[in-house]
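Following: one structure in structure tokens, then a few remarks.
Quick caveat, the model's predicted, so the values are computed rather than measured.
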Amino acid sequence: MVRLLSVHPVENSVPAAGNDRIYTVSRLNAEVRLLLENEMGVIWLTGEISNFTAPVSGHWYFSLKDSRSQVKCAMFRGNNRNVAFKPTSGQQVLVRARISLYEPRGDYQIIVDSMQPEGNGLLQQQFEKLKMQLAAEGMFAQERKKELPASPVRVGIITSQTGAALRDILQVLQRRDPSLPVVIYPTMVQGDGAAISIAQAIGRANIRNECDVLIVGRGGGSIEDLWCFNEEIVARSIAASSIPVISAVGHEIDVTISDYVADVRAPTPSAAAELVSRDTGERVKQLNYLKDRLNYAIQGYLSRQEHRVGNLRHRLQLRHPKTKLEQQIQQLDERSVALTGAVQRYMQNKILHIDRQSLKLSHYSPERRIESGRDRIADYARRLQSAMERNLAEKRHALALQVETLEAVSPLATLSRGYSITRKENGKVVKSVNDVESGQLLVTQVADGEITSKIVSP
């Protein structure tokens with residue numbers, strides 16, 4: 001939840017240049033990132049992995065999605081080394097992360113610190129969430145825990161009446177203090193409705209007020225089997241009990257929310273029976289009880305200090321160069337991927353261009369042009385020869401026609417038929433008797449020669 005710091009009235013006037021209320025995009029993204037990281041802190045998030053990529057830098061980038069939404073995530077190399085499995089797209093996981101903003105693009109994203117497959121991890125998330133909530137309310141505080149009676153008058157047992165835990169408690173009480181009265185408040189200790197049943201049994205024991213100590217628990221089992229003792233309703237019922245409560249759930253390694261809220265935590269149901277029963281070793285038991293309380297007090301103190309150190313570490317991270325470095329690393333990875341893609345596309349385009357040029361070069365190869373030129377020359381030679389022959393034939397034919405025409409109009413042909421041509425000495429053709437004079441020389445041309453004559457009388 002974002003805390004509202006202040007409310008300012010809206011001003012319609014444009015702020016003057018240099019006013020702090022005028023943001024640059026970089027300043028806006030930086031302040032939004034700090035706001036998200038400061039206000040939200042560390043969260044647990046569950047979802048399905050999609051678009052998972054792992055560049056050569058060793059960082060992981062992916063999205064977490066559910067049926068309606070998705071969010072971008074980054075997990076840097078220093079954190080993903082601790083992940084014991086190889087994430088794949090489609091895998092359901094539980095992550096511990098902080099909300100941030102990738103400033104260069106203004107993208108809201110999640111910076112993941114740890115990752116585990118969903119399942120028990122989701123239950124662990126719910127466990128940690130409720131634990132932190134109740135701790136913040138002070139329900140684990142040592143000062144609110146009630147002292148167990150030194151010599152109980154009557155012991156109440158809240159568990160399943162058919163379970164092994166009840167038999168173990170009764171056997172220990174019978175062995176150690178057979179005279180100690182016991183009241184059993186049967187309840188479900190597993191499955192749906194078990195948490196409500198346990199809370200009702202605690203409330204019923206407080207209303208009847210017939211016991212001075214209550215043992216609430218069951219035998220061992222899986223985390224799912226013991227989950228009803230991690231429910232909020234059971235924790236608040238134990239905290240609200242006016243009768244001191246001993247939590248005795250599972251084995252010594254099993255720790256539930258009920259153990260933190262109860263006045264005393266017993267490692268097993270049998271150990272709880274020993275705590276409330278009188279015995280010659282009571283002093284030793286009392287010391288062990290005090291030791292447990294001291295351990296829980298130290299654990300509570302350490303938990304609070306761990307929470308405080310976590311907050312300080314988070315504040316330090318917000319101001320640490322690592323945050324900027326992480327964003328720069330992410331930006332470098334993106335640019336590296338983009339550059340690799342650009343180089344690949346450039347090489348593909350060049351290869352395609354070379355292929356096209358090779359095809360064009362083969363199409364315009366000199367060998368093909370020379371071969372084609374040779375074919376054309378041969379064709380031209382054949383056509384020239386044919387044209388020359390046709391032209392020669394046409395010329396011969398035309399010459400023959402010209403010869404025939406020339407012979408038809410030739411004066412020599414006329415002379416061969418008995419005609420002659422008479423010329424004066426000056427070469428002028430005599431066409432009439434009036435053209436000559438007495439004593440004039442004339443040259444008469446016949447078919448086979450010339451005859452020279454002289455005019456005696458015209």
Criterion side-chain contact (heavy atoms from CB on, under 4.5 Å) on Asn209 and Ile243, from CA distance to verdict
CA-CA 8 Å; Asn209 197 25; Ile243 304 173; 4.2 Å; yes
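- Considering every non-hydrogen atom in both Pro152 and Val213, the closest pair reads CB-CG1, 4.1 Å.
- With sequence neighbours excluded, the residues satisfying side chain to side chain contact (heavy atoms under 4.5 Å, CB included) with Cys73 are Phe62, Leu64, Val71, Ile110, Val112.
- Between the side chain of Asp263 and the main chain of Lys145, no donor-acceptor pair closer than 3.5 Å is present.
- Taking both residues in full, the closest heavy atoms of Phe140 and Lys131 are given as CE1-O, 3.4 Å, listed atom of the first, atom of the second, then distance.
- Using modelled atom types, one finds a donor on one side chain and an acceptor on the other under 3.5 Å when comparing Glu389 with Gln385.
- Under a 3.5 Å cut-off, the side chain of Arg374 and the backbone N or O of Arg376 do not form any donor-acceptor pair.
- In this structure, the side chain of Ser358 engages the main chain of Ile354 through a donor-acceptor pair within 3.5 Å.
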Would you check, one step at a time, whether the test side chain to side chain donor-acceptor pair (under 3.5 Å) holds for Asp177 with Ser179?
CA-CA 5 Å; Asp177 193 357; Ser179 63; 2.9 Å; yes
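- Between Asn51 and Thr53, the side chains place no donor N or O within less than 3.5 Å of an acceptor N or O (distance only, hydrogens not considered).
- For the residue pair Ser277/Arg176, the side-chain donor-acceptor check at 3.5 Å is satisfied.
- In this structure, the separation between CG on Asn295 and CG on Leu302 is 10.0 Å, given to the nearest 0.5 Å.
- Interatomic distance, Ile49 CD1 to Lys65 NZ, rounded to the nearest 0.5 Å: 11.0 Å.
- Nearest approach of Glu231 to Ala195, heavy atoms of both residues: CG-CB, 3.5 Å.
- A search for side chain to side chain donor-acceptor pair (under 3.5 Å) contacts involving Ser336 returns nothing, not counting sequence neighbours.
- Between the CZ atom of Arg167 and the CD1 atom of Ile169 there is a distance of 11.5 Å, given to the nearest 0.5 Å.
- Taking a 6.0 Å sphere around CZ of Arg335, one finds it holds 12 or fewer heavy atoms contributed by other residues, nucleotides or ligands.
- Taking the ring axis of Tyr23 as reference, the NZ or CZ atom of Arg27 stays within 45° of it and closer than 6.0 Å to the ring centre.
- Open room surrounds OH on Tyr346; 12 or fewer heavy atoms of other groups in view lie less than 6.0 Å from it.
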Kindly determine whether Gln116 and Val83 satisfy side-chain contact (heavy atoms from CB on, under 4.5 Å), including the steps that lead there.
CA-CA 7 Å; Gln116 57 189 356; Val83 178; over 6 Å; no
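- Here the side chain of Ser63 pairs no donor or acceptor atom with the backbone of Gln70 at under 3.5 angstrom.
- Counting non-hydrogen atoms of neighbouring residues, nucleotides and ligands closer than 6.0 angstrom, the CD atom of Gln305 exceeds 12 such neighbours.
- The environment of CD in Glu306 is sparse: at most 12 heavy-atom neighbours from other residues, nucleotides or ligands sit within 6.0 Å.
- Within the 4.5 Å cutoff, the side chain of Ile196 has no heavy atoms near those of the Met188 side chain.
- Checked by atom type and distance alone, the side chain of Thr187 pairs as donor or acceptor with a backbone atom of Ile198 at under 3.5 Å.
- For Arg390, the side chain to side chain contact (heavy atoms under 4.5 Å, CB included) partners two or more places apart in sequence, or in a different chain, are Ser386, Ala387.
- Atom CG of Leu290 is separated from atom CG of Leu294 by 9.0 Å, given to the nearest 0.5 angstrom.
- Of all heavy-atom pairs spanning Asp168 and Ser270, the tightest one is CB-OG, 3.4 Å.
- Judged purely by atom type and a 3.5 angstrom limit, Asp212 uses its side chain to pair as donor or acceptor with the backbone of Arg154.
- A distance-only check finds a donor-acceptor pair linking the side chain of Arg77 to the backbone of Ser57 [under 3.5 Å].
- For Leu180, the CG atom is densely surrounded, since the number of other residues' heavy atoms within 6.0 Å is greater than 12.
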Could you walk me through whether Ile157 and Val216 pass side-chain contact (heavy atoms from CB on, under 4.5 Å), step by step?
CA-CA 6 Å; Ile157 303 174; Val216 179; over 6 Å; no
What verdict does the side-chain contact (heavy atoms from CB on, under 4.5 Å) test give for Gln133 and Glu232, after you've listed the backbone C-alpha separation in whole Å, the side-chain angles of each residue and the deciding distance to 0.1 Å?
CA-CA 10 Å; Gln133 175 187 343; Glu232 184 175 359; 3.5 Å; yes
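- Between Met115 and Pro87, the closest heavy-atom pair is SD-CG, 3.7 Å.
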Going through the distances and angles, do Arg236 and Glu137 end up as a salt bridge (Lys or Arg N to Asp or Glu O under 4.0 Å)?
CA-CA 11 Å; Arg236 296 194 179 278; Glu137 295 178 13; 2.9 Å; yes
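- Annotation: side chain to side chain contact (heavy atoms under 4.5 Å, CB included) contacts of Arg293 (sequence neighbours excluded): Gln142, Glu147, Tyr289.
- Applying the side chain to side chain donor-acceptor pair (under 3.5 Å) criterion to Ser241, with sequence neighbours excluded, gives Asn206.
- Contact check for Ile246 versus Leu214: no side-chain heavy atoms found under the 4.5 Å cut-off.
- Among residues two or more places apart in sequence or in another chain, the side chain to side chain contact (heavy atoms under 4.5 Å, CB included) test is passed with Gln174 by Pro178.
- Rounding to the nearest 0.5 angstrom, the gap separating the CD1 atom in Ile202 from the CD atom in Gln200 is 10.5 Å.
- Looking only at atom types and distance, the side chain of Ser247 has no donor-acceptor partner in the side chain of Ser258 under 3.5 Å away.
- Side chain of Arg98 to main chain of Ile111: no donor-acceptor pair is present (N/O by atom type, distance under 3.5 Å, no hydrogens or angles).
- Residues Ala74 and Gln330 approach most closely at CB-OE1, 4.1 Å, considering heavy atoms.
- Side chains of Leu352 and Gln348 form no contact here, defined as non-hydrogen atoms less than 4.5 Å apart.
- The backbone N or O of Val189 sits nowhere less than 3.5 Å from a side-chain atom of Ser160 that would complete a donor-acceptor pair.
- The CG atom of Asp192 sits 12.5 Å away from atom OG of Ser197, with the distance rounded to the nearest 0.5 Å.
- Within the 3.5 Å criterion, the main-chain N or O of Lys72 finds no donor-acceptor partner in the side chain of Tyr61.
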